[in-house]
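The structure appears right after this line, and notes come after that.
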Amino acid sequence: MDWVALSLSLKLGAATVLILLPIGFVVARRLAFRPFRAQGLVEALIALPLVLPPTVLGYYLLVGLGAASPVGQIWQALVGRQLVFHFEALLIASVIANLPFAIQPMVQAFRAIPREVREAAAVSGMAPLTVMRRIDLPLAWPGIVTGMVLTFAHTLGEFGVVLMVGGSLPGETRTLSIAIYDRVQAFDDAAAHAMAAVLVAVSVAALATTSLLSARLVRRHG
């Protein structure tokens, strides 16, 4: 077992969840409750990582964050080193790749809230912040948690995007999925098997949690 790679994967997953939780919450409520003209296009862009090959998404992120890009040059000027092939680039790539996993379950949860409940709250003079705290959050929390669980599990198993943007630098960018690939290349089947088993266990736990929360959401609004 590559404990350093496992630790880095857990760190990347936790950081991705912490960043996407507020972003996903705000974007999902906007998409669910306040339709706008370009909403179809925005939802398509959010869902794009689901259909793009990870290496394609990783390639464009590599170009967009590389030393020759405006983002890469600004980072180089501020930090004194390039952005790609470091943890920060992995984190940016992970946030972008996980947008649909975080936002789509939240949108569905917010859309499942009965319209008359929110309308009654507005008619009674309840402030928007109070509506969010006393209605949206309690009724949509299974979808919010589902989005975060899926985001964390998908981050642990991401390979193509991570490899393109970060490579395989021990302690910096070599996550568990990359470590499995390296062990297979080195014919170390025992280590590859142990690490793959960890990812399978995490994936099963994530799917089971998602299923339980989805069932609870359906019962609540059914």
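Just so it is clear, the model here is predicted, and its values are computed rather than measured.
Checked by atom type and distance alone, the side chain of Arg30 pairs as donor or acceptor with a backbone atom of Arg34 at under 3.5 Å. Side chain of Glu172 to backbone of His86: no donor-acceptor contact under 3.5 angstrom is found. In terms of modelled atom types and a separation under 3.5 Å, the side chain of Glu158 and the main chain of Gly160 share a donor-acceptor contact.
Under a hydrophobic clustering in which Ile, Leu, Val, Met, Phe, Trp and Tyr are joined whenever their side-chain heavy atoms come within less than 4.5 Å, directly or via other members, Leu57 and Val162 fall into different clusters. Leu169 and Tyr181 sit in two unconnected hydrophobic clusters of ILVMFWY residues. Membership requires side-chain heavy atoms under 4.5 Å apart, directly or through other members. In the hydrophobic clustering of ILVMFWY residues, with side-chain heavy atoms under 4.5 Å counting as a link, Ile46 and Leu50 come out apart. Residue Leu156 is grouped with residue Val17 when hydrophobic side chains (ILVMFWY) are merged at heavy-atom distances under 4.5 angstrom, including chains of intermediate members. Grouping the Ile, Leu, Val, Met, Phe, Trp and Tyr side chains by contacts below 4.5 angstrom, directly or via other members, places Leu163 apart from Val4.
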Using atom types as modelled, flag every donor-acceptor pair under 3.5 Å from a side chain in residues 187-203 to any protein atom, sequence neighbours excluded.
| unit_1 | atom_1 | unit_2 | atom_2 | d |
| --- | --- | --- | --- | --- |
| Asp188 | OD1 | Ala191 | N | 3.4 |
| Asp188 | OD2 | Arg183 | NH1 | 3.3 |
| Ser203 | OG | Leu199 | O | 2.8 |

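Annotation: side chain of Leu31 is in contact with side chain of Ile103 (closest heavy-atom distance under 4.5 Å). Contact check for Ile96 versus Val161: no side-chain heavy atoms found under the 4.5 Å cut-off. Using a 4.5 Å cut-off on side-chain heavy atoms (C-beta onward), Leu52 and Tyr60 make no contact. At a threshold of 4.5 Å between non-hydrogen side-chain atoms, the residues Val84 and Leu61 do not count as touching. With contacts defined as side-chain heavy-atom distances shorter than 4.5 Å, the pair Leu65/Leu62 does not qualify. Side-chain atoms of Val79 and Glu88, non-hydrogen and from C-beta on, never get closer than 4.5 Å to each other. Side-chain contact between Thr155 and Thr175 is absent, with no heavy atoms from C-beta onward closer than 4.5 Å.
Sorted by first and then second residue, the pairs that involve residues 3-28 and meet side-chain hydrogen bond (donor to acceptor under 3.5 Å, both in side chains), not counting sequence neighbours, are Thr16-Ser94. For the side-chain hydrogen bond (donor to acceptor under 3.5 Å, both in side chains) condition, the pairs that include at least one residue of residues 35-51, sequence neighbours left out, are Gln39-Glu43, Glu43-Arg111.
Considering only residues two or more places apart in sequence or on other chains, Tyr59 meets the ring pair (Phe, Tyr, Trp, His ring centres under 6.0 Å) condition with none of them. With sequence neighbours left out, the side-chain contact (heavy atoms from CB on, under 4.5 Å) criterion links Ser168 to Arg174, Ile178, Asp182.
The shortest non-hydrogen separation linking Pro138 to Met132 is CD-O, 4.4 Å. Taking both residues in full, the closest heavy atoms of Gly13 and Phe152 are given as C-CD1, 3.5 Å, listed atom of the first, atom of the second, then distance. Of all heavy-atom pairs between Gly58 and Val165, the closest is O-CG2, 3.8 Å. Across all their heavy atoms, Ala109 and Ala140 have their closest contact at CB-O, 3.7 Å. The two residues Phe25 and Met106 come nearest to each other via the heavy atoms N-SD, 3.5 Å. Pro105 approaches Gly143 most closely through the heavy-atom pair CB-O, 3.6 Å.
Between the CD1 atom in Ile74 and the CG atom in Leu83 there is a gap of 11.0 Å [rounded to 0.5 Å]. Between the CG atom in Leu176 and the CG atom in Leu8 there is a gap of 9.5 Å [rounded to 0.5 Å]. The CD1 atom of Ile23 lies 11.5 Å from the CG atom of Asn98; values are rounded to the nearest 0.5 Å. Separating the CE atom in Met126 from the CD1 atom in Ile135 is a distance of 5.0 Å, to the nearest 0.5 Å. Between atom CD1 of residue Ile144 and atom CG of residue Asp136 there is a gap of 8.5 Å, rounded to the nearest 0.5 Å.
Enclosure of atom CZ in Phe85 by more than 12 non-hydrogen atoms of other residues, nucleotides or ligands within 6.0 angstrom is indicated. Residue Arg134 places its CZ atom among 12 or fewer non-hydrogen atoms of other residues, nucleotides or ligands, all under 6.0 Å distant. For Phe87, the CZ atom is densely surrounded, since the number of other residues' heavy atoms within 6.0 Å is greater than 12.
The hydrophobic cluster around Leu45 extends to Leu41, counting ILVMFWY residues whose side-chain heavy atoms fall within less than 4.5 Å of a member.
The aromatic rings of Phe101 and His154 sit parallel, their planes meeting at an angle under 30°, below the 60° perpendicular limit.
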